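Letters A, B, ... are given to chains in the order of the sequence lines, protein chains preceding strands, and every chain is numbered from 1. Keep in mind that what you see is a predicted model, and the values were worked out from it rather than measured.
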Amino acid sequence: MTPNPEKKKLVVATTSLAGCFGCHMSFLDIDERILQLITHVEFNRSPIDDIKHINKPCDVGFVEGGCCNTENVHTLREFRKNCKILVSLGQCAITGGLPAMRNGIPMSDLFSEVYQNTNNPTLGNHLIPNDEEIPIILDRVYPCHEIVKVDAFLPGCPPNADLIWEALVRIIEGKSLDDLTYQYFKYD
Amino acid sequence: MEQGTIKITIDDKEIWAKDGQSVVEAARENHIFIPTLCDYKSLKPAGTCRLCTVKIGGRFVSACTTTVSNGMKVENESSEIKDIRKSLIEMLFVEGNHMCPSCEKSGNCDLQALAYRYQMTAPRFPFSFTNRRLDASLPHLILEHNRCIQCLRCVRGVRAKDGRDLFGFVDRGAKIHITVDKTVEEAFSEKTAAAAMAICPVGALIQKGGAYQTPIGDRKYDLHPIGSEIESNIEQSGGSHDTKS
């Protein structure tokens, strides 16, 4: 992957929905290769550069985490609308992951367990939060591809940094993301 | 190795098989991998998982329950068969709750290893997100029903000293789940727990107190895909199933 000053840089956006930012930490685990990366791409909305909203069309969007509330859905749709290639990054985006362990349990049971049957002193009034400023929680956690069309998937919890690097290199070189290296292709 | 007397063709390769062998066994002896989940060593094949689906004479059959016959032509590695197998793996994943990141069997799990081999990313089917029970009432064994694929390996392979069944199925259809006969003394033993965990291809049967002992990188399927030991004819090295035995 050699830099080509004539070629326009790819625009990359990343976000974390119902995730733990572990996938982004793994992204940063490409270490010094990030210097090589920025000769080929520029970052738009991402926690890495702290741009809060996508402000121009992007070539690639990486989404960490599934959708557990309306704000996640809104952000995911914003990514789909503005990114040519949308990539689900990590198990939560692909399967719902750990947050999806609540799926299958009735919402009323969850709310009463968290807010009402608790001795947590910060929740002294035992009220279930209900303010229009707060995103509405969904009936269950949805994998990203159940909400919008997703073009590629990088599994892992988190995905191996070498898998993320391999995917970035392939996208920059215009190659398919099928048949990724076995040693990096893991679900844990 | 003693050569068989029956000639069969798997894809384009002619091999010799022994009379009475299953297609899976014949393929294995000739270093051809046909994926299996419910098939286990000396146990009588059950044909429950269908992962070994091959095409013989234009029909889809399970290779573990099909006996070789002279001149048999088997289709094993076609794109059609590969896609059927991948879809079967995907169905198993969406049918239960297979949370690999938190599973004790991760890295040593046959289902996960097959999903790696067939490069499953997101299943084509929606996840069912069922809410099954976890039974940790026995002293040495956890029954994690969310991960059970109903392969019957424990039912067929783990028995009490007097030959009685230890594991069995209760209910039918979507509600089917394994259970342990708690009237048998061996159900409470550490030895049974170790045997059950070793025979379970997934993380449904877990021996208490010994999880996550093999570091990532040393586990059974971390570096080499499932089946590569058959294809390369080299004894598999490295990690083992996570049991104390």
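- Per-residue heavy-atom pair counts under 4.5 Å with chain A were compared for B:P101, B:S128, B:G217, and the maximum is reached by B:P101.
- The neighbour count for B:K13 NZ, taken as heavy atoms of other residues, nucleotides or ligands under 6.0 Å away, is above 12.
- With A:D188 as reference, B:S106 is the one residue of B:C103, B:S102, B:S106 to meet the side chain to side chain contact (heavy atoms under 4.5 Å, CB included) rule.
- Counting non-hydrogen atoms of other residues, nucleotides and ligands closer than 6.0 Å to CG of B:D12 gives a total of 12 or fewer.
- In this structure, chain A has no heavy atom under 4.5 Å from any part of B:N97.
- Between B:Y221 and A:Y182, the closest heavy-atom pair is O-OH, 2.7 Å.
- The number of heavy atoms from other shown groups lying within 6.0 Å of NZ (B:K182) is above 12.
- For A:Q183, the parts sitting under 4.5 Å from any heavy atom of chain B are the backbone and the side chain alike.
- Surrounding CE of A:M25 are at most 12 heavy atoms belonging to other residues, nucleotides or ligands under 6.0 Å away.
- Neither the backbone nor the side chain of A:V150 comes within contact range of chain B; no heavy atom of the residue lies under 4.5 Å from a heavy atom of that chain.
- The local environment of CZ in A:R77 is sparse, with at most 12 non-hydrogen atoms from other residues, nucleotides or ligands closer than 6.0 Å.
- Here A:K186 is the residue among A:Q91, A:K186, A:M101 with the most heavy-atom pairs under 4.5 Å with chain B.
- Minimum heavy-atom separation, A:T95 to B:F129: O-CZ, 3.5 Å.
- The OH atom of A:Y187 lies 10.0 Å from the SG atom of B:C109; values are rounded to the nearest 0.5 Å.
- By the neighbour-count criterion of 12 heavy atoms within 6.0 Å, atom CG of A:L35 is densely surrounded, having more than that number from other residues, nucleotides or ligands.
- Options A:V141, A:L154, A:L180, A:D178 differ in how many heavy-atom pairs under 4.5 Å they form with chain B, and the most are formed by A:L180.
- In this structure, A:H145 and B:P123 approach most closely via the heavy-atom pair NE2-O, 4.2 Å.
- Within 6.0 Å of the NE2 atom in A:H74, the count of heavy atoms belonging to other residues, nucleotides or ligands does not exceed 12.
- Listed here is the closest heavy atom pair of B:A115 and A:F185: O-CE2, 4.5 Å.
- The local environment of CG in A:N117 is crowded, with over 12 non-hydrogen atoms from other residues, nucleotides or ligands closer than 6.0 Å.
- The nearest pair of heavy atoms linking B:T121 to A:I94 is O-CG2, 3.6 Å.
- Note that the CZ atom of A:F153 and the CD atom of B:Q119 stand 13.5 Å from one another [nearest 0.5 Å].
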